[in-house]
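Working notes, beginning with the structure itself.
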Amino acid sequence: KIASILYPNKIEKKFAVTGTNGKTSVSSFVYQIWRKQDYKAAFVGTLGVISNNNRISKTNLTTADVITNHKILYKLNNSKCKNIIFEASSIGLHQKRLYPIKFDVVAFTNLSKDHLDYHKNINNYKNTKSLLFSHYTKKKSIAVINSDSKYSNFFFKNCRDNQISILDFGKKADFLKILQIKKIENGFKIKINLKKKQFEVEFKCSSQFEIYNQLCAILMVFGKKLDQKHMHFLRGLKNPDGRLEKIYDKNDIKVYVDYAHTADALSKVLYALKQITLGKLFLVFGCGGDRDRTKRSRMTKEALKYSDQIFITDDNPRFEDPEQIISDMLKGLNKKNLEKVKVIRGRSKAIKFAINQLSKSDILLIAGKGHEDYQIIKNKHYNFSDKRIAKDFLRLS
């Protein structure tokens with residue numbers, strides 16, 4: 001409260017989005033749609049503070065501490081910012097880092113197991129996510145909900161209990177209903193039912209989850225007024241850094257970088273890439289240290305469903321023994337699965353080795369760190385970028 005008094009703001013529209021995956025993409029898409037309408041806008045989250053197409057500061061957390069957040073709002077207000085969207089992480093919500101902001105529009109993308117080292121179980125995690133809809137809204141707030149999440153009914157009930165309006169999207173939705181998703185060259189054609197009107201929209205993207213993120217964003221921006229005429233704002237939307245980002249596409253070889261660091265996110269990205277892979281699909285990934293150990297073997301098992309070859313390596317080991325992390329990732333794998341897995345300690349070495357295995361029509365995904373330009377070993381941050389290492393090596397290859 002003191003921070004909000006010391007750093008006041010009169011920013012007109014305040015949005016927030018929560019969910020296990022997709023927060024950064026939805027925030028970026030909302031921001032890009034605002035910019036297309038010439039609004040002075042900003043988004044705050046994993047990539048830092050982005051305003052007027054510039055990163056004006058970095059943040060070490062998806063949702064910064066409460067004092068930093070009010071300083072950000074104050075600074076943006078002084079630069080005449082009118083609209084802002086925050087990524088609301090479960091830990092950020094639990095620690096009241098967004099208090100006492102009341103948001104005009106809040107959104108839920110999806111929920112899968114993550115941060116159980118902190119929340120202990122999925123129920124606590126789910127309940128913490130729901131705080132965005134109960135503690136950070138006002139009477140006229142609107143909630144945008146992904147109806148296709150298996151947890152959507154929990155969030156619908158939460159919104160009804162708090163008497164806030166619901167606009168949903170997805171195949172099971174009432175408001176923005178997806179009737180059909182058809183794969184076409186360079187993307188998808190989607191048949192939509194909106195306000196008793198049916199129409200088709202083309203999306204130039206590689207995966208279905210990108211479609212969901214873009215629909216969530218446009219629904220957040222236009223709310224109940226959303227109409228077919230607004231769909232042109234989806235044209236030309238760009239994925240944020242490190243989100244299914246294609247960094248190489250030459251000589252019939254493609255290399256992607258993605259931030260996926262949960263089993264669900266990794267599964268969705270690999271599934272999307274498998275649909276467009278004519279040769280083999282290779283994966284380089286690891287798991288972070290001092291984080292949820294239970295997801296490590298799950299991530300490897302999901303990876304094995306779609307990858308032809310996996311290279312397990314270091315991520316951000318922090319204070320944990322990297323060998324122990326890798327041992328957790330290999331737990332429960334049978335002999336046949338282990339034949340598809342190669343352990344290469346040293347992330348740079350693993351990336352270069354994987355690139356050397358690529359031949360015509362192959363795709364490589366480097367997952368887990370995405371936009372990050374550092375690697376955390378013990379308590380030190382070392383300069384390290386998956387994108388830079390891969391690009392430099394590909395240039396020399």
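For reference, positions follow the sequence shown, starting with 1. For the numbers below, each heavy atom of this structure counts, side chains included, while hydrogens, waters and symmetry mates do not. Remember, it's a predicted structure, so these values are computed and weren't measured experimentally.
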With sequence neighbours excluded, give me every side-chain hydrogen bond (donor to acceptor under 3.5 Å, both in side chains) pair touching residues 268-287.
Asp264-Lys268, Lys274-Asp308

Do Phe156 and Val106 sit in one hydrophobic cluster, given that two such residues count as connected whenever their side-chain heavy atoms are within less than 4.5 Å of each other, even indirectly?
yes

Treating Ile, Leu, Val, Met, Phe, Trp and Tyr as nodes and any side-chain heavy-atom pair under 4.5 angstrom as an edge, say whether Ile325 and Phe285 lie in one connected cluster.
yes

Under 3.5 Å donor-acceptor pairs involving side-chain atoms of residues 81-94, not counting sequence neighbours:
| residue | atom | partner | partner atom | Å |
| --- | --- | --- | --- | --- |
| Glu87 | OE1 | Thr24 | OG1 | 2.9 |
| Glu87 | OE1 | Thr46 | OG1 | 3.0 |
| Glu87 | OE2 | Thr24 | OG1 | 3.0 |
| Glu87 | OE2 | Thr46 | N | 3.0 |
| Ser89 | OG | Thr63 | OG1 | 3.3 |
| Ser89 | OG | Gly92 | N | 2.9 |
| Ser90 | OG | His119 | NE2 | 2.9 |
| His94 | ND1 | Tyr118 | OH | 2.7 |

Should the ring pair Phe103 and Tyr136 be called parallel, tilted or perpendicular, given that the plane angle runs from 0 to 90° and is split at 30 and 60?
tilted

Main-chain N/O of Gly45 paired to Thr59 side chain as donor or acceptor, under 3.5 Å
yes

So do Phe311 and Val341 actually touch side chain to side chain, heavy atoms under 4.5 Å?
no

Less than 4.5 Å apart, any side-chain heavy atom of Ser51 and any of Leu76?
yes

Salt bridge (Lys or Arg N to Asp or Glu O under 4.0 Å) partners of residues 50-65, not counting sequence neighbours, each pair once
Lys58-Asp373

Considering all heavy atoms of both residues, which atom of Val255 and which atom of Leu358 are nearest to each other, and what is their separation?
CG2-CD1, 4.0 Å

More than 12 foreign heavy atoms under 6.0 Å from CD of Gln163: is that the case here?
no

According to ring pair (Phe, Tyr, Trp, His ring centres under 6.0 Å), who are the partners of Tyr7, at least two apart in sequence or on a separate chain?
Tyr74

Could you name each residue pair satisfying salt bridge (Lys or Arg N to Asp or Glu O under 4.0 Å) that touches residues 206-226, not counting sequence neighbours?
none

Within a radius of less than 6.0 Å around NZ of Lys195, do more than 12 heavy atoms belonging to other residues, nucleotides or ligands occur?
yes

Ser112 backbone acceptor or donor facing Thr20 side chain under 3.5 Å:
yes

Lys349 atom NZ: more than 12 heavy-atom contacts under 6.0 Å
no

Charged N to carboxylate O below 4.0 Å: is that the case for Asp117 and Arg293?
no

Run the salt-bridge test on Arg345 and Glu323 with the 4.0 Å N-O cut-off and return the result as yes or no.
yes

Thinking salt bridges, do Lys305 and Glu302 make one under a 4.0 Å N-O criterion?
yes

Using a strict cut-off of less than 4.0 Å between a Lys/Arg side-chain nitrogen and an Asp/Glu carboxylate oxygen, indicate whether Asp386 and Lys369 qualify as a salt bridge.
no

For Ala263, is there any backbone N or O sitting under 3.5 Å from a side-chain donor or acceptor partner on Ser267?
no

Using every non-hydrogen atom in the two residues, find where Gly346 and Asp314 come nearest and quote the distance to one decimal.
N-OD2, 3.2 Å

What I want to find out is whether Asp328 reaches Arg296 closely enough, with some N-O distance under 4.0 Å, to be called a salt bridge.
yes

Kindly state each residue pair satisfying ring pair (Phe, Tyr, Trp, His ring centres under 6.0 Å) with at least one member in residues 363-389, sequence neighbours excluded.
Tyr259-His371, Tyr374-His381

Decide whether Leu281 and Val257 are clustered together by the hydrophobic rule: side chain heavy atoms of Ile, Leu, Val, Met, Phe, Trp, Tyr closer than 4.5 Å, transitively.
no

Does one side chain, of Asn162 or Asn158, offer a donor that lies under 3.5 Å from an acceptor on the other?
yes

Got more than 12 heavy atoms from elsewhere within 6.0 Å of CD1, Ile276?
yes

Indicate yes or no for a side-chain donor-acceptor contact from Asn316 to the backbone of Ile376 under 3.5 Å, with no hydrogens or angles considered.
yes

Taking atom CE of Met299 and atom CG of Leu304, what is their separation to the nearest 0.5 Å?
12.0 Å

Please check this pair: side chain of Asp252 against backbone of Ser361, looking for a donor-acceptor N/O pair closer than 3.5 Å.
no

Residues that His230 engages under ring pair (Phe, Tyr, Trp, His ring centres under 6.0 Å), provided they are two or more places apart
Phe222

Nearest heavy atoms of Ala217 and Val26, plus distance in Å:
CB-O, 3.9 Å

Within the 4.5 Å heavy-atom criterion, are Leu283 and Ile312 side-chain neighbours or not?
no

Taking atom CG of Asn54 as the centre, does the number of heavy atoms from other residues, nucleotides or ligands within less than 6.0 Å exceed 12?
yes

For Tyr31, give me all partners under ring pair (Phe, Tyr, Trp, His ring centres under 6.0 Å), at least two apart in sequence or on another chain.
Phe43

Using a 4.5 Å cut-off on heavy atoms from C-beta on, say whether the side chain of Thr68 contacts that of Leu61.
no

According to a hydrophobic-cluster definition based on side-chain heavy atoms being under 4.5 Å apart (Ile, Leu, Val, Met, Phe, Trp, Tyr only), do Ile164 and Ile166 belong together?
yes

Smallest separation among heavy atoms of Met231 and Leu194, with atom names
CE-CD2, 4.4 Å

Do Asp227 and Lys197 touch side chain to side chain, with heavy atoms closer than 4.5 Å?
yes

Which donor-acceptor pairs under 3.5 Å do the side chains of residues 169-193 make with protein atoms, sequence neighbours left out?
| residue | atom | partner | partner atom | Å |
| --- | --- | --- | --- | --- |
| Lys177 | NZ | Lys171 | O | 2.9 |
| Lys183 | NZ | Gly187 | O | 3.2 |

Side chains of Arg347 and Ile351: does their closest heavy-atom pair fall under 4.5 Å?
yes

Ring pair (Phe, Tyr, Trp, His ring centres under 6.0 Å) partners of His70, counting only residues at least two apart
none

Strictly by ring pair (Phe, Tyr, Trp, His ring centres under 6.0 Å), give each pair with a member in residues 189-212 just once, sequence neighbours left out.
none

With the side chain counted from C-beta on, respond yes when Gln37 and Val221 share a heavy-atom pair under 4.5 Å apart, and no when they do not.
yes

Flag, side chain of Thr300 to backbone of Leu330, donor-acceptor distance under 3.5 Å:
no

Can you tell me which residue pairs pass the salt bridge (Lys or Arg N to Asp or Glu O under 4.0 Å) test with a partner in residues 127-138, sequence neighbours excluded?
Asp104-Lys138

With Ser307 as partner, the option from Leu365, Leu266, Leu270 fulfilling side chain to side chain contact (heavy atoms under 4.5 Å, CB included) is Leu270

Would you kindly check if the NZ (Lys) or CZ (Arg) of Lys126 is within the cone defined by 45 degrees around the ring axis of Phe154 and under 6.0 Å from the six-membered ring centre?
yes

Short question: side chain of Lys342, backbone of Ala354 - any donor-acceptor pair under 3.5 Å?
no

Side chain of Asn146, backbone of Asp148: donor and acceptor closer than 3.5 Å?
yes

Rounded to the nearest 0.5 Å, how far apart are CZ of Phe108 and OG of Ser152?
7.5 Å

If we only count heavy atoms from C-beta on, is the Lys387 to Asp241 side-chain gap below 4.5 Å?
yes

Output yes when a side-chain donor or acceptor of Gln375 lies under 3.5 Å from a complementary backbone atom of Asp315, and no otherwise.
yes

Short question: side chain of Asp292, backbone of Thr294 - any donor-acceptor pair under 3.5 Å?
yes

Cluster overlap Trp34 with Leu226, hydrophobic side-chain contacts below 4.5 Å
yes

